[in-house]
S.K.: 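My questions will all concern the structure given below.
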2 protein chains.
Amino acid sequence: MLNNKVTPRAFKDAAYAAFAQVTKAMGSPRRLELLDLLVQGPRTVEQLALGTAQPVPSASQHLQVLRRARLVQTQRRGTHVVYRLAPEVGPVFVALRRLAQARSPELQAARGDFFGPEGPLEVIHAEELRSLLAEGRVALLDVRPADEFEHAHIAGARSIPFEELPERLNELPRDQLVVATCRGPYCALAIQAVRLVRASGRSAVRYEEGVAEWQLDGGQLASSAG
Amino acid sequence: MLNNKVTPRAFKDAAYAAFAQVTKAMGSPRRLELLDLLVQGPRTVEQLALGTAQPVPSASQHLQVLRRARLVQTQRRGTHVVYRLAPEVGPVFVALRRLAQARSPELQAARGDFFGPEGPLEVIHAEELRSLLAEGRVALLDVRPADEFEHAHIAGARSIPFEELPERLNELPRDQLVVATCRGPYCALAIQAVRLVRASGRSAVRYEEGVAEWQLDGGQLASSAG
DNA sequence: GTGCTATTCAATCGTTATGTTGAATAACAA
DNA sequence: TTGTTATTCAACATAACGATTGAATAGCAC
């Protein structure tokens with residue numbers, strides 16, 4: 001028999017309260033932004049505060065909400081506390097973002113205002129990119145900072161951080177399509193990279209998602225020792 | 001060039017605010033419970049209020065939050081307003097619940113208190129169930145109400161609503177394992193069904209997840225006209 | 001130990017969410 | 001039209017959240 005001491009109602013209340021602790025933790029723009037940064041790799045509180053343009057104490061408090069919801073984990077390194085995403089959080093976060101983006105006209109409008117009206121010719125999608133990569137017919141260029149590339153990148157990508165791109169354009173092939181990728185849909189680096197690469201006479205398009213989306217879609221990741 | 005009228009910061013603020021509208025809508029136990037009911041099929045406001053043990057105006061307000069976040073859609077049917085899950089929401093909701101459950105000791109403890117300390121012998125997981133179903137070596141019994149079964153059920157399942165189970169036990173085979181399934185991990189019907197079936201001399205185990213989890217794990221669903 | 005830095009804790013205040021109640025609206029039936 | 005039902009709106013009190021400060025703690029260098 002079921003344990004009579006716990007009524008179904010009491011159990012449901014407890015269950016949904018526990019569930020809501022996780023969804024509540026994700027219910028703040030600041031915290032979503034923090035999670036988005038953490039998808040790229042572990043960060044200290046200070047780095048996270050800088051990256052999200054908020055005071056350190058605010059970032060710390062938001063991070064503790066995320067930690068209580070067990071969405072992130074901490075580790076002390078000397079005087080720094082390093083936060084990282086908890087296991088399995090990345091794909092769920094990305095799936096949520098995709099859902100939000102798919103059914104939010106406001107978000108699509110905001111992207112249009114910021115990125116400009118890019119035609120579909122500018123971007124390549126996961127499926128096509130995957131087959132081109134498998135055939136070795138494309139050069140995949142990851143323009144994120146080196147440490148983010150080291151933490152995780154699309155298998156087969158090469159790293160040229162955006163700041164170094166102008167002087168390292170000659171490393172890119174002239175006879176292949178160049179695909180630029182950065183942090184994900186809210187990151188403008190890949191767009192600028194595509195412009196630079198095109199200006200050098202090469203053909204280039206953008207993969208507008210990031211490592212977590214790639215993984216969610218069944219793609220392989222790689223990481224360097226670091 | 002990027003549109004200079006929109007700074008990166010302003011764009012990010014807008015983007016994460018839009019994203020947070022969705023996660024905020026999910027950040028309430030009441031609304032999670034409403035979503036959980038809606039995963040089983042469309043419902044009127046009154047049914048949803050009853051099913052979540054809250055006054056109708058409260059349910060209506062929560063549903064409107066969900067609608068503004070575009071997680072549910074409405075449709076008038078005479079004097080009733082029928083709410084249903086928006087497309088693609090089910091799998092993401094389930095993935096979130098799974099994440100919450102996997103990393104919430106409180107939730108696991110609450111489940112243990114309510115369901116009792118069931119051994120792993122009591123349950124069967126998706127992978128094994130799928131192969132047994134493919135080989136026709138199992139009778140899958142869905143004990144949810146008929147309308148939920150009609151809306152969506154695991155392909156190959158047969159419907160015997162829990163209230164009718166005692167007088168319809170003879171419809172179940174004696175030479176096959178019976179697997180009972182209901183709404184999902186917070187639903188106690190399947191446990192009680194397993195007990196009934198076992199008491200009739202048949203062997204039975206429980207599939208402790210529901211249709212949305214089955215779909216998320218790549219399983220086929222079916223639905224009757226209705 | 002002392003000084004320094006990174007992070008967290010604590011207290012405040014303004015804002016936002018929640019649940020409750022009662023009234024208003026929309027569709028249907030007579 | 002009038003009455004009836006289902007749903008939504010409006011207004012209030014209570015509670016939770018969020019950003020901002022300043023103080024406290026933990027580790028490191030000397």
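Per chain, numbering begins at 1; letters A, B, ... match sequence-line order. The structure presented is a predicted model; accordingly, all values stated were derived computationally and were not measured. The basis for the numbers below is simple: all heavy atoms, side chains too, and nothing from hydrogens, waters or symmetry mates.
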S.K.: Let's see if you get this right: which residues in residues 26-58 of chain B place a heavy atom under 4.0 Å from DNA chain D?
M.R.: B:T44, B:V45, B:E46, B:V56, B:P57
S.K.: Do the side chains of A:D217 and A:R98 get close enough for a salt bridge, i.e. N-O under 4.0 angstrom?
M.R.: yes
S.K.: Any donor and acceptor pair, going by atom type alone, linking the side chain of A:W214 with main-chain N or O of A:Q220 inside 3.5 Å?
M.R.: yes
S.K.: Give the intermediate values and the outcome of side-chain hydrogen bond (donor to acceptor under 3.5 Å, both in side chains) for residues A:H62 and A:R31.
M.R.: CA-CA 6 Å; A:H62 282 304; A:R31 289 197 286 272; 3.0 Å; yes
S.K.: Please list, in 5' to 3' order, the outermost nucleotides of DNA chain C lying under 4.0 Å from any heavy atom of chain B.
M.R.: C:dT18 to C:dC28
S.K.: Measure the acute angle between the ring planes of B:F19 and A:F93, then classify it against the limits of 30° and 60° as parallel, tilted or perpendicular.
M.R.: tilted
S.K.: Quick check with a 6.0 Å cut-off and a 45 degree axis cone: is A:R97 positioned over the face of B:Y16's six-membered ring?
M.R.: no
S.K.: For the pair A:E33 and B:R9, find out whether any cationic side-chain nitrogen is under 4.0 Å from an anionic carboxylate oxygen.
M.R.: yes
S.K.: Rounding to a whole Å, what distance do you find between A:Q64:CD and D:dC17:P?
M.R.: 14 Å
S.K.: Charged N to carboxylate O under 4.0 angstrom, A:R111 versus A:E208?
M.R.: yes
S.K.: Keeping the roles fixed (side chain from A:R144, backbone from A:R183), state whether a donor-acceptor pair exists under 3.5 Å.
M.R.: no
S.K.: For a quick test of reading the model, state the closest non-hydrogen atom pair linking B:D142 to B:A157 and the distance between them.
M.R.: CB-CB, 4.4 Å
S.K.: Tell me the interatomic distance from B:H62, atom NE2, to D:dT7, atom P, rounded to whole angstroms.
M.R.: 16 Å
S.K.: Under 4.0 Å: is that the gap between some side-chain N or O of B:Q61 and OP1 or OP2 of D:dA10?
M.R.: no
S.K.: Does anything in residues 75-87 of chain A reach DNA chain C, meaning a heavy atom under 4.0 Å, and if so which residues?
M.R.: A:T79, A:H80, A:V81, A:Y83
S.K.: Carefully, step by step, assess B:Q54 and B:T52 under the rule side-chain hydrogen bond (donor to acceptor under 3.5 Å, both in side chains).
M.R.: CA-CA 6 Å; B:Q54 63 181 325; B:T52 57; 2.9 Å; yes
